Amino acid sequence: MSYGVLPTWAWLVAMVGLLVAACFVKRPIANSVLLMVSVFCLGGVLVGIRLSELNRVFPSYEAIHRAVITSQPVERGKVLRCELLVIDEERPYKIQASILRDTLTGRYRHIVVGDGIEFNSRIENFPNRQRVESNFNYFRWLRAQGIVGQTFINHVSWRKLPLDISSLSLLQRVRLSMLRFRERLVGKLANSGMEGQQQAIVAAMALGDKSALSKSTRETFSVTGASHILALSGLHLSIIYFLGTFLIRRRRWNMPFQIVSLVAIWIYAILVGLSPSVVRAATMLSVYGVLSIVHRTQRPLNALALAAVIMLFSNPLMLWDVSFQMSFMAILGILVFYQPLFKVFGRLQNPVVKCIWGMLCLSVSAQIGVFPLIMYYFGRFSCYFFLTNFVAIPALYVVLYCALAFFLFSFVPVVQAFFALVLQTVVGWLIAALEWFSSLPFASINDINISPLQVLMIYALVGCLYGIVYYLHKGYVQAGLRRNR
């Protein structure tokens with residue numbers, strides 16, 4: 001789980017030295033390079049500080065602890081897996097817990113997010129190495145989420161206990177309240193009559209709760225390249241944010257609309273758990289909204305970079321989070337490749353053809369940004385991703401809007417039942433379509449094994465090809481202008 005080879009003090013000395021050197025260098029290019037490298041060293045300092053906060057020494061014996069459940073408990077074989085926020089000490093810390101299920105009393109069925117428990121067990125640090133079949137380091141991912149240890153709790157060694165959470169930060173208390181509210185919404189879906197996996201898919205696509213998804217369902221979405229609609233991202237928040245553009249078009253309502261929209265997307269981000277992709281999207285939309293209020297030009301690449309800086313400054317270990325990496329690379333791929341691909345055939349007049357071509361270009365652009373990471377972490381490449389998105393993305397729009405209507409009209413049972421039926425029908429069609437795509441020959445290429453160096457080389461090759469095509473196209477356009485003169 002190594003994050004680097006230099007100690008924190010070495011990064012700090014290097015950063016100060018580079019900043020001092022930048023003060024005396026007069027050449028703009030050299031000065032910019034020194035400042036950029038000093039920012040990189042600042043990242044090393046922040047990583048060292050964050051790791052020192054996460055490094056804890058736990059006693060080698062069992063002890064009584066008090067904690068709050070901060071994630072929806074999920075059954076995994078004979079245990080119930082969940083995250084706990086231990087509040088014994090002045091500074092609470094997060095651990096991953098495996099609670100042995102007692103099938104006789106079934107007490108484990110009655111614990112949910114936000115419940116307090118008292119348990120007697122031994123908390124352990126994560127192992128330095130893990131035996132994995134892919135390059136995805138699970139324990140390093142847990143550390144990036146701020147989880148510092150793990151424990152196994154016997155079924156007779158815990159009990160529910162009302163706890164005082166006033167010692168938690170405001171954000172932690174708000175997040176717990178929102179997660180409990182999300183569980184009530186998931187309960188409404190469960191009582192709507194939808195079948196198991198249909199209800200699980202709606203909960204994942206609309207509320208970010210993937211705890212009820214079966215292994216076969218996850219595999220189907222993974223093989224077909226449609227997993228991104230299960231992981232809440234910028235696409236979900238953009239749908240919610242730009243819904244207002246159809247409701248409020250007058251310029252004089254721009255500021256109130258932007259303020260209400262930004263508050264709404266951050267409430268939604270907290271509701272669904274503040275995953276890196278959601279935080280990235282909410283940050284970018286916040287930058288977009290603020291610039292819109294002050295009537296400044298929106299520059300998507302600058303907004304993306306600012307979102308990365310803000311997130312890494314708050315938690316530098318997020319750089320090693322797979323969701324963080326794939327979210328930013330997908331958006332970078334869209335920003336870089338979408339417009340050139342969309343303009344290949346010039347201006348398309350037919351609106352249907354234009355919409356289809358735009359969706360295809362969007363899908364390909366995002367895939368260019370993430371396919372090296374997918375091959376590296378998961379050893380797989382989905383061959384029909386550009387086709388499955390023609391089914392998955394429209395289904396996502398319908399599910400989000402119908403789920404919103406389902407919850408808003410909960411006080412009208414007839415209307416709620418109608419939207420539940422629509423959700424069940426659309427998700428049923430989506431599952432059938434994805435299963436058909438996954439059954440096609442060569443649906444995915446599996447068992448891919450590449451190194452980090454090869455990942456960088458693939459990105460470098462893509463960048464070189466893009467540069468060559470860009471300059472060839474630029475030269476072709478300039479030659480055409482000279483001929484017209």
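Heavy-atom basis, side chains included; hydrogens, waters and symmetry copies ignored. Here the structure is a predicted model, which is why all the values come from computation and not from measurement.
Considering all non-hydrogen atoms of both residues, Arg91 and Arg56 come closest at O-NH1, 4.4 Å. The shortest heavy-atom contact between Leu423 and Cys402 is CD2-CB, 3.6 Å. When all heavy atoms of Ala67 and Phe119 are compared, the pair lying nearest together is CB-CE2, 3.8 Å. Nearest approach of Ala204 to Lys210, heavy atoms of both residues: CB-CG, 3.7 Å. The two residues Cys41 and Leu18 have their closest heavy-atom pair at SG-CD1, 3.8 Å. A pairwise comparison of heavy atoms in Leu319 and Gln325 identifies O-NE2, 2.9 Å as the closest pair.
Residue-environment remark: CZ (Phe152) exceeds the threshold of 12 foreign heavy atoms within 6.0 Å. Counting non-hydrogen atoms of other residues, nucleotides and ligands closer than 6.0 Å to CG of Asp447 gives a total of 12 or fewer. Heavy-atom neighbours of Phe58 CZ from other residues, nucleotides or ligands within 6.0 Å: above the threshold of 12. Residue Asn449 places its CG atom among 12 or fewer non-hydrogen atoms of other residues, nucleotides or ligands, all under 6.0 Å distant.
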Open item on the list: Determine whether Leu306 and Thr283 satisfy the following criterion, side chain to side chain contact (heavy atoms under 4.5 Å, CB included), listing intermediate values before the conclusion.
Closed with: CA-CA 8 Å; Leu306 179 60; Thr283 305; 5.6 Å; no
- [ ] Please test Leu35 against Leu19 for side chain to side chain contact (heavy atoms under 4.5 Å, CB included), starting from the C-alpha separation and ending with a verdict.
- [x] CA-CA 7 Å; Leu35 289 175; Leu19 290 176; 4.1 Å; yes
TODO: Go through Trp9 and Val45 one step at a time and tell me if the side chain to side chain contact (heavy atoms under 4.5 Å, CB included) criterion holds.
DONE: CA-CA 7 Å; Trp9 65 265; Val45 173; over 6 Å; no
Task: Residue pair Trp320, Val47: steps toward the side chain to side chain contact (heavy atoms under 4.5 Å, CB included) verdict - done: CA-CA 11 Å; Trp320 285 270; Val47 168; 3.9 Å; yes
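No side-chain donor-acceptor contact under 3.5 Å links Ser192 and Gln416. Inspection of the Trp266 and Ser286 side chains reveals an N or O donor paired with an N or O acceptor under 3.5 Å. Side chains of Tyr376 and Gln454: no donor on one and acceptor on the other come within 3.5 Å. Ser382 and Ser444 form no side-chain donor-acceptor contact under 3.5 Å, judged by distance and modelled atom types alone. Residues Thr217 and Thr220 bring no donor and acceptor atom of their side chains to less than 3.5 Å of each other.
By the side chain to side chain donor-acceptor pair (under 3.5 Å) test, Asn120 is found to be paired with no residue, residues two or more places apart in sequence or in another chain being considered.
Listed for the Tyr268 side chain is no donor-acceptor partner under 3.5 Å among the backbone atoms of Ala282. Side chain of Asn389 to main chain of Ser363: no donor-acceptor pair is present (N/O by atom type, distance under 3.5 Å, no hydrogens or angles). A distance-only check finds a donor-acceptor pair linking the side chain of Asp115 to the backbone of Val112 [under 3.5 Å]. Between the side chain of Arg101 and the backbone N or O of Gly77, at least one donor-acceptor pair lies under 3.5 Å. At least one donor-acceptor pair under 3.5 Å links the side chain of Gln197 to the backbone N or O of Ser214.
Between Arg107 and Asp102, no side-chain nitrogen of the basic residue sits less than 4.0 Å from a carboxylate oxygen of the acidic one, so the salt-bridge criterion is not met. Under a 4.0 Å N-O distance rule, the pair Glu83/Lys94 qualifies as a salt bridge. A salt bridge links Arg380 with Glu219; the closest basic N to acidic carboxylate O contact falls under 4.0 Å. Salt bridge annotation for Glu62-Arg122: absent, with no cationic side-chain nitrogen under 4.0 angstrom from a carboxylate oxygen.
The structure places CD of Glu53 at 9.5 Å from CG of Leu317, a figure rounded to the nearest 0.5 Å. How far OH of Tyr108 is from CG of Leu100: 10.5 Å, rounded to the nearest 0.5 Å. Once rounded to the nearest 0.5 Å, the distance linking CD1 of Ile99 with SG of Cys82 reads 4.0 Å. Rounding to the nearest 0.5 Å places NE2 of His110 at 8.0 Å from OG1 of Thr105. We find the CG-CD distance between Leu362 and Gln367 to be 11.5 Å, quoted to the nearest 0.5 Å. Taken to the nearest 0.5 Å, the CG atom of Leu207 stands 9.0 Å off from the CD atom of Glu183.
At least one side-chain heavy atom of Ile153 sits under 4.5 Å from a side-chain heavy atom of Thr151.
The one candidate from Val113, Ile117, Leu84, Leu163 that meets the side-chain contact (heavy atoms from CB on, under 4.5 Å) condition with Val68 is Leu163. Just one of Arg140, Arg143, Gln145 meets the side chain to side chain donor-acceptor pair (under 3.5 Å) condition when paired with Asp321; it is Gln145.
A parallel orientation is assigned to the rings of Phe419 and Phe409, their planes being inclined by less than 30° (bins at 30° and 60°). Ring orientation note: the planes of Phe371 and Phe381 are nearly perpendicular, at an angle over 60° on the 30°/60° scale.
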